[in-house]
Amino acid sequence: MTARMGTARLGPAERATALRRMAAQELDVVVIGGGVVGAGVALDAATRGLTVGLLETRDFASGTSSRSSKLIHGGLRYLEQLNFDLVREALQERALLLQRIAPHLVRPVPFLFPLTHLGWERPYVGAGLTLYDTLGFSLGFTRGVPGHRHLSRRRALRLAPALRRTAFSGAVQYWDAQVDDARYVMTMLRTAATYGAEVASRAQVVGFLREGERVTGVRALDLEDGAELDVRARQVVNATGVWTDDIQELVGGRGQIHVRASKGVHLVVPRDRIHSLTGIILRTEKSVLFVIPWGRHWIIGTTDTRWDLDRAHPAASRSDIDYVLEHVNRVLSVPLSRDDVEGVYAGLRPLLSGESEETSKLSREHVVAHPVPGLVMVAGGKYTTYRVMARDAVDAVAHGLDQRVPPSCTDRIPLAGAEGYQALWNSRQRLAGSSGLHVARIEHLLQRYGSLIDEVITLIERDPSLALPLTGADDYLRAEIVHAATHEGARHLNDALSRRTHISIETFHRGLAVAEEAAELMAGPLGWDAEQTKREIEHYTKRIEAERLSQEQDTDQEADAIRLGAPEIVPVVGPAS
Ligand SMILES: Cc1cc2nc3c(=O)[nH]c(=O)nc-3n(C[C@H](O)[C@H](O)[C@H](O)COP(=O)(O)OP(=O)(O)OC[C@H]3O[C@@H](n4cnc5c(N)ncnc54)[C@H](O)[C@@H]3O)c2cc1C
């Protein structure tokens, strides 16, 4: 069906092989952390011809990289702060991701900016967006999204009838891009593995190997079976986001880079609760609030508050949810209530520590450092600029290796599923005919798998019962759960329901109604017996119950204490979080 050959899988057998190979040789580089930055580093290093291993303590993208606003954007806010270089760099990345690297996963998205002040605001916003559009042109690329346009209140209301007429006087519409953040990371790891990287989730770095002062590798714990392994590497990269300081402490000392966490909470509501053909961006006292179209849903957020509690499971409190509802309701003619909220998720921004106490003003730029010989740290930045961060980190790795290393080429490396995507999209009617699936289903699959759609269709050809949607989450096919386990590194029910699909935030039951069916589908490929299958369902149920209860609490402390009541499916030891 496609010209694509042999994209690496991340199934259980491949994980076992990766861990074995990592323990058996000295690698050029081992990466700690399987978020977007670590995955980017693995791909950058592998495509420069280096031998690479990557260790992630939980599931891929289970940290910040599955909990973002899912925007690939320059950031209008940084424009207002006159940080033109950051905006230009991010918009160049946006053009590259949209048009070359991942057109199947990154898509244009329109936003309406309602104007509330007569007079100065329209020229001010218009000038900003003209600059934004201009900075969006990058060398050799068009912008990849349409330019902005001014709208009267009447025309804006035609696009977004949900807006309260008296809440604004007119509007400007502009375009940015959006991504499925968790799937992007997993797809990048499959791409890296295809280029030879060894990657493993549920493998926690618990210490460093040293020769005197020099770091010569890491000690890791396989959290699935408790086995320890030493991974020798000539360079180690710490890409652990909000855990950066913990890793620095493992190596001794506080280091040069300090990262602190700022919590951002998003709500998910059904699409029919807000009648609009476009996303919306609203100013808040501290920052902005987005209303972002997301399939049959809206994602609304975010907040920005300091967080010093559990970093593995940041909890959203009642106050966070009320804050988001209160702000969005200021412009809606029919206000949203807590009953409209299908899903809630919280994430932690890895902010480079600065002098300012206000988290929304801390730097979004990244830093790369070489704190001790053999160790490179990369931190800060944002999702959109992960590729630049990865390139800079691997440049530092190259500096530490006494060999010539070619320059980064990831600007020319399409992710798995990108090649052939456009042709398949154009042929989606034919694909629907040959597969027996509805064309709307094919579109949904193409936007999740790109040209790797044939992997899902092959599963269905072998077992036609997999063509059925999940009962209770009919956006997703049964085949997608099996595929998550066989090809995409999902090792537990939560991985499939929260990150390979987003059932846990896209349904009012938050995945509980499909937990049994999904666990049974995963049991075969992952070799679970009845006991383990039951344990997976119980664990998932406890997690959802704890999250729901934590969202009833007024304060972060109360919400955190309750969320911590649901343990990890596998024992996770240190770093303390
Ligand atoms: C609310 C919110 C909204 C955002 N919205 C946007 C947006 O719209 N656009 C944008 O560009 N950016 C956005 N960002 C920023 C962006 O999401 C982050 O900058 C980015 O995801 C950070 O990726 P990372 O790889 O550094 O960290 P992470 O994704 O957290 O990855 C670090 C990984 O290291 C692992 N790890 C930790 N300790 C160990 C260990 N000992 N051994 C092995 N592994 C370990 C963790 O489990 C984790 O998976 C947002 C952030 C937040 C919080």
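Quick note: residue numbers are just sequence positions, from 1. We count ligands from 1, going down the list as the structure has it; atoms in each ligand are counted the same way.
- Distances below 4.0 Å separate heavy atoms of L348 from the following atoms of ligand 1: 53 (C).
- At a 4.0 Å heavy-atom cut-off, ligand 1 does not touch A220 at all.
- At least one N or O atom of E56, backbone or side chain, sits closer than 3.5 Å to an N or O atom of ligand 1.
- The nearest non-hydrogen atom to atom 13 (C) of ligand 1, considering only A379, S262, G347, S68, comes from S68.
- Residue contacts with ligand 1 for W243 involve side-chain atoms from C-beta outward but no N, CA, C or O (heavy atoms, distance under 4.0 Å).
- T51 and D28 are linked by a side-chain donor-acceptor pair at a separation below 3.5 angstrom, with hydrogens and angles left out of the test.
- Salt bridge present: D85 and R88 bring a charged side-chain N and a carboxylate O closer than 4.0 Å.
- Within ligand 1, the atoms closer than 4.0 Å to a non-hydrogen atom of I247 are 41 (N), numbered from 1 in the order shown.
- The pair R306-D556 fails the salt-bridge criterion, with no side-chain N (NZ, NE, NH1 or NH2) lying under 4.0 Å from an Asp/Glu carboxylate O.
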**Request:** Quick one: do R491 and E224 satisfy salt bridge (Lys or Arg N to Asp or Glu O under 4.0 Å)? Show the steps, please.
**Result:** CA-CA 10 Å; R491 298 196 52 81; E224 300 283 2; 2.9 Å; yes

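- When the side-chain hydrogen bond (donor to acceptor under 3.5 Å, both in side chains) test is applied to E89, no partner is found at least two apart in sequence or on another chain.
- More than 12 heavy atoms of other residues, nucleotides or ligands sit less than 6.0 Å from atom CZ of R107.
- Near H73, meaning under 4.0 Å from any of its heavy atoms, are these atoms of ligand 1: 7 (C), 8 (O), 9 (N).
- Comparing G301, S65, G241, G35 against atom 22 (C) of ligand 1, the shortest heavy-atom distance belongs to S65.
- Using a 4.0 Å cut-off to heavy atoms of G264, the atoms of ligand 1 that qualify are 1 (C).
- Salt-bridge check for R202 with D59: failed, with every basic side-chain N at 4.0 Å or more from each acidic carboxylate O.
- Counting atoms of ligand 1 from 1 in the listed order, those under 4.0 Å from a heavy atom of G381 are 19 (O).
- Under the salt bridge (Lys or Arg N to Asp or Glu O under 4.0 Å) rule, E488 has a single partner from R9, R183, R448, which is R183.
- In the candidate list V37, T57, L250, T57 is nearest to atom 43 (C) of ligand 1, counting heavy atoms.
- Considering backbone and side-chain atoms together, V265 places no N or O closer than 3.5 Å to any N or O of ligand 1.
- Distances from ligand 1 to the non-hydrogen atoms of V242 include no value under 4.0 Å.
- For ligand 1, the atoms sitting less than 4.0 Å from at least one non-hydrogen atom of L55 are 43 (C), 44 (N), numbered in the order shown with element in parentheses.
- Across T240, D59, I72, heavy-atom proximity to atom 38 (N) of ligand 1 is greatest for T240.
- For ligand 1, the atoms lying closer than 4.0 Å to a non-hydrogen atom of K70 are 8 (O).
- No salt bridge links D495 with R58; every basic N to acidic carboxylate O contact stays at or beyond 4.0 Å.
- Contact annotation: for R67 versus ligand 1, heavy atoms closer than 4.0 Å belong to the backbone alone.
- At least one heavy atom of H266 sits closer than 4.0 Å to an atom of ligand 1.
- Of the charged side-chain nitrogens involved, at least one lies within less than 4.0 Å of a carboxylate oxygen, so that R283 and E80 count as a salt-bridged pair.
- Taking the charged nitrogens against the carboxylate oxygens, D411 and R391 have no contact shorter than 4.0 Å, which rules out a salt bridge.
- Of all atoms in ligand 1, listed by their number and element, those nearer than 4.0 Å to a heavy atom of R349 are 1 (C), 51 (C), 52 (C), 53 (C).
- For ligand 1, none of its N or O atoms has an N or O atom of T302 under 3.5 Å away.
- For the side chain to side chain contact (heavy atoms under 4.5 Å, CB included) test with V30, the passing option among L209, V231, V205 is V231; the others fail.
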